[in-house]
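Working notes, structure below.
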There are 2 protein chains.
Amino acid sequence: MTKTKIDVTLSATRKEKPKSDQLEFGRVFTDHMFVMDYSPAKGWHDPKIVPYEPITLSPASMVFHYGQTVFEGLKAYRTKEDKVLLFRPEKNMERLNLSNDRLCIPRIDGEFVIEALKQLVSIEKDWIPTAEGTSLYIRPFIIPTEYYLGVAPSKFYRFMIILSPVGSYYKEGIHPVKIYVENHYVRAVEGGTGKAKTGGNYASSLRAQEEAAQKGYSQVLWLDGVEKKYIEEVGSMNIFFKINGEVVTPEVNGSILEGVTRKSILELLKSWETPVSERKISMEEVYQAYKDGQLEEAFGTGTAAVISPIGEFLYDDNKIVINNGETGELSKKLYDTLTGIQKGTKQDPFNWVTEVK
Amino acid sequence: MTKTKIDVTLSATRKEKPKSDQLEFGRVFTDHMFVMDYSPAKGWHDPKIVPYEPITLSPASMVFHYGQTVFEGLKAYRTKEDKVLLFRPEKNMERLNLSNDRLCIPRIDGEFVIEALKQLVSIEKDWIPTAEGTSLYIRPFIIPTEYYLGVAPSKFYRFMIILSPVGSYYKEGIHPVKIYVENHYVRAVEGGTGKAKTGGNYASSLRAQEEAAQKGYSQVLWLDGVEKKYIEEVGSMNIFFKINGEVVTPEVNGSILEGVTRKSILELLKSWETPVSERKISMEEVYQAYKDGQLEEAFGTGTAAVISPIGEFLYDDNKIVINNGETGELSKKLYDTLTGIQKGTKQDPFNWVTEVK
């Protein structure tokens with residue numbers, strides 16, 4: 001597969017590009033996309049870059065009925081020297097294949113897809129914004145395309161990559177968010193699909209998210225589905241706490257998503273010799289640390305927002321205000337370092353960044 | 001909304017209908033479908049019956065990314081007197097709205113949709129097969145259609161009804177199936193989406209189903225996600241046991257689907273004065289009943305298969321063979337009664353059946 005040629009058809013027309021200061025998240029898409037199909041006889045075949053255009057599917061297509069979808073999210077950045085950089089794309093491809101395994105979707109060739117992705121990004125280079133906080137968001141995804149209403153894995157699939165120039169995930173940029181600790185709804189449980197990046201996990205989160213928003217909180221903190229005691233993740237991000245000088249994040253347990261940003265933050269902290277541990281942590285422990293004056297910072301991590309500082313939790317009826325509701329020193333340093341590496345303004349001692357030639 | 005006129009456009013061509021004895025489940029679709037759209041400004045609007053045709057959507061359409069879908073399944077039957085009957089469609093509409101609530105999708109007007117459904121079925125009357133075990137399967141479903149990659153409820157939706165003439169769900173007809181008691185994967189947990197009919201629940205079940213099939217079992221029995229002790233449901237059906245003369249089914253607990261067939265079976269059994277209870281039941285209790293010679297029957301219930309007798313469970317390493325692997329007397333009686341009511345060959349004391357005029 002790695003040797004397969006990617007067929008390229010360029011668009012006859014080009015869309016107008018949005019202004020850098022008017023970018024939202026995930027609303028505008030570039031002129032081209034990557035498409036590749038799967039059939040039992042041919043495997044993944046017919047990889048091609050084509051004009052961005054609608055998909056036409058039978059109403060009986062399995063994607064409309066049984067949610068057998070997976071996706072990834074990563075970003076391309078354009079440096080001051082006009083280089084185009086990707087951040088750890090191989091980690092996204094590894095995770096995509098773990099999601100594929102869980103959802104009974106045939107694995108993709110990660111190396112080949114990274115090549116395809118680079119070719120696509122290179123064609124769309126002029127779409128990559130350069131202003132502070134902006135980037136080109138890359139969305140690889142797989143949908144089942146068989147026309148069948150039986151509950152079974154699809155026999156046919158379509159893999160696509162679409163690109164969207166984006167501003168900051170939060171319109172206000174990096175600034176602390178208020179989080180509602182969810183005590184009724186559950187995101188995932190061990191043995192379920194929590195560690196896969198599949199549509200159902202996001203669909204099931206919407207209701208809690210809406211109810212939290214009505215209470216004035218911008219995201220929810222998910223607790224474990226068994227005891228509703230242990231912290232899992234926040235919204236669609238992983239979560240970190242700084243308690244009495246030590247950074248703590250929930251351990252990988254089969255129900256949380258293993259974020260690429262999470263992994264990178266852990267590696268950064270270890271390189272700085274900051275005390276850090278991955279372990280079970282209960283909301284009660286966080287609340288106790290707060291009461292003892294030891295809860296110094298909290299932040300979410302993810303591709304879309306990179307670092308999202310947390311200014312307040314509502315835990316049952318208790319308000320937990322962190323660092324006076326302001327961005328903590330460590331959160332800021334991690335944000336600056338990671339976005340600096342991603343945008344090529346800071347050294348990359350880990351070789352995380354790949355240039356698109 | 002109930003007063004809205006449904007616009008009808010008939011197809012210029014008609015497809016060839018499959019032979020009754022060659023029908024599978026959910027592979028062939030009729031000539032027309034019902035479509036209705038939702039926007040924040042207009043609510044549900046523009047209801048229409050149109051030729052069955054593909055849907056065209058942007059690759060950024062939320063349905064391809066975040067699994068915010070719901071669906072229903074019910075059947076139309078054609079009697080010997082050439083009447084067309086529906087079985088409790090109002091129950092499906094009630095459940096569709098419960099699913100909508102859980103998935104943040106705007107509610108539909110159930111009465112209006114039943115009218116639309118009757119009109120569609122009436123147009124497609126010649127597609128309803130009459131042979132034993134056959135029917136016209138009706139699939140109402142809702143998909144999000146906004147073009148946006150943010151994790152939030154879609155602002156736009158499409159509601160559709162498609163129809164498929166079907167044979168028996170199991171090709172072999174009513175005959176006992178072998179079930180694998182799942183001790184690793186979990187279908188749903190309280191606080192999740194288990195009681196909603198949404199794609200993600202089905203996507204998450206595929207892997208366990210595949211592994212069970214490799215071991216020679218046709219479905220899995222799901223245990224609760226917290227203790228992995230209590231019985232939830234089987235494959236995509238509810239489950240019943242007959243133990244020492246009493247019929248037991250897991251109680252509605254927030255994580256099982258509340259099946260229309262389940263409800264009807266409970267009402268039938270009560271009318272027969274058969275001892276029946278809805279309660280927590282553990283797999284250990286079922287195994288003990290088996291060892292004591294008191295496990296008389298087990299069967300799954302659902303729209304697709306109606307009644308699916310269970311001949312064997314594999315529970316860890318223990319084979320539990322029920323009624324010598326043959327269809328039990330009660331399972332058979334329930335199947336005959338319920339399908340008799342559905343097909344109009346048996347009295348309908350409950351007024352479950354609605355005629356399509």
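Values below: every heavy atom of this structure, side chains too, minus hydrogens, waters and symmetry copies. These figures come from a predicted structure and were not determined experimentally. In what follows, chains are A, B, ... by sequence order, proteins preceding strands, each numbered from 1.
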Side chain to side chain contact (heavy atoms under 4.5 Å, CB included) assessment of A:Arg102 paired with B:Tyr185: CA-CA 10 Å; A:Arg102 183 63 184 82; B:Tyr185 296 110; 3.6 Å; yes

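- In this structure, the portion of B:Ala152 lying under 4.5 Å from any heavy atom of chain A is its backbone and not its side chain.
- In terms of heavy-atom pairs under 4.5 Å with chain A, the best-connected choice from B:Arg139, B:Met62, B:Met160, B:Gln209 is B:Arg139.
- Interface remark: B:Lys197 contributes no atoms to any contact with chain A (heavy atom separation under 4.5 Å).
- Chain B forms the most heavy-atom pairs under 4.5 Å with one residue out of A:Pro54, A:Gly235, A:Ala188, and that residue is A:Pro54.
- Using a 4.5 Å cut-off between heavy atoms, A:Val189 contacts chain B through its side chain alone, with no backbone atom that close.
- For the pair B:Arg27 and A:Tyr148, the cation-pi criterion (under 6.0 Å, within 45° of the ring axis) is fulfilled.
- Contact count against chain B (heavy-atom pairs under 4.5 Å) is highest for A:Val63 among A:Val63, A:Val166, A:Ile142.
- When heavy atoms are compared at a cutoff of 4.5 Å, A:Ser61 does not approach chain B at all.
- The two residues A:Val226 and B:Gly225 have their closest heavy-atom pair at CG2-O, 3.9 Å.
- Here A:Leu149 contributes atom CG and B:Phe141 contributes atom CZ; the two are 8.5 Å apart, rounded to the nearest 0.5 Å.
- Looking only at atom types and distance, the side chain of A:Thr193 has no donor-acceptor partner in the side chain of B:Ser204 under 3.5 Å away.
- In this structure, no portion of A:Glu182 lies under 4.5 Å from any heavy atom of chain B.
- Contact annotation for A:Ile162: only side-chain heavy atoms (C-beta onward) come within less than 4.5 Å of a heavy atom of chain B.
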Evaluate side chain to side chain contact (heavy atoms under 4.5 Å, CB included) for A:Leu206 paired with B:Gln68, printing each intermediate quantity in order. CA-CA 9 Å; A:Leu206 298 173; B:Gln68 195 197 5; 3.7 Å; yes

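- To the nearest 0.5 Å, atoms OG1 (A:Thr198) and NE2 (B:His65) are separated by 12.5 Å.
- Looking at A:His184, the atoms closer than 4.5 Å to chain B (heavy atoms on both sides) all sit in the backbone: N, CA, C or O.
- Taking 4.5 Å as the limit, every side-chain heavy atom of A:Phe64 sits out of range of all side-chain heavy atoms of B:Thr69.
- Ranked by heavy-atom pairs shorter than 4.5 Å toward chain A, the options B:Gly67, B:Pro144, B:Gly200, B:Gly199 are led by B:Gly199.
- Atom CD of A:Glu232 has more than 12 neighbouring heavy atoms from other residues, nucleotides or ligands inside a 6.0 Å radius.
- When A:Glu210, A:Lys228, A:Glu227 are compared by the number of non-hydrogen pairs under 4.5 Å with chain B, A:Glu210 comes out ahead.
- The environment of B:Lys155 atom NZ is sparse: at most 12 non-hydrogen atoms of other residues, nucleotides or ligands sit within 6.0 angstrom.
- Here the CG-CG distance, from B:Leu57 to A:Leu57, works out to 7.5 Å after rounding to the nearest 0.5 Å.
- Note that CD1 of A:Ile55 is 9.5 Å distant from OG1 of B:Thr56, once rounded to the nearest 0.5 Å.
- Of the candidates B:Arg158, B:Glu53, B:Met33, B:Met33 is the only one forming a side-chain contact (heavy atoms from CB on, under 4.5 Å) with A:Pro59.
- Looking at A:Ala196, neither its backbone nor its side chain comes within 4.5 Å of chain B, counting heavy atoms on both sides.
- Aromatic ring orientation, A:Tyr66 versus B:Phe71: perpendicular (interplanar angle above 60°, classes split at 30° and 60°).
- Surrounding CD of B:Glu146 are more than 12 heavy atoms belonging to other residues, nucleotides or ligands, all under 6.0 Å away.
- When atom types are taken as modelled, the side chain of A:Arg207 and the backbone of B:Asp101 share a donor-acceptor pair closer than 3.5 angstrom.
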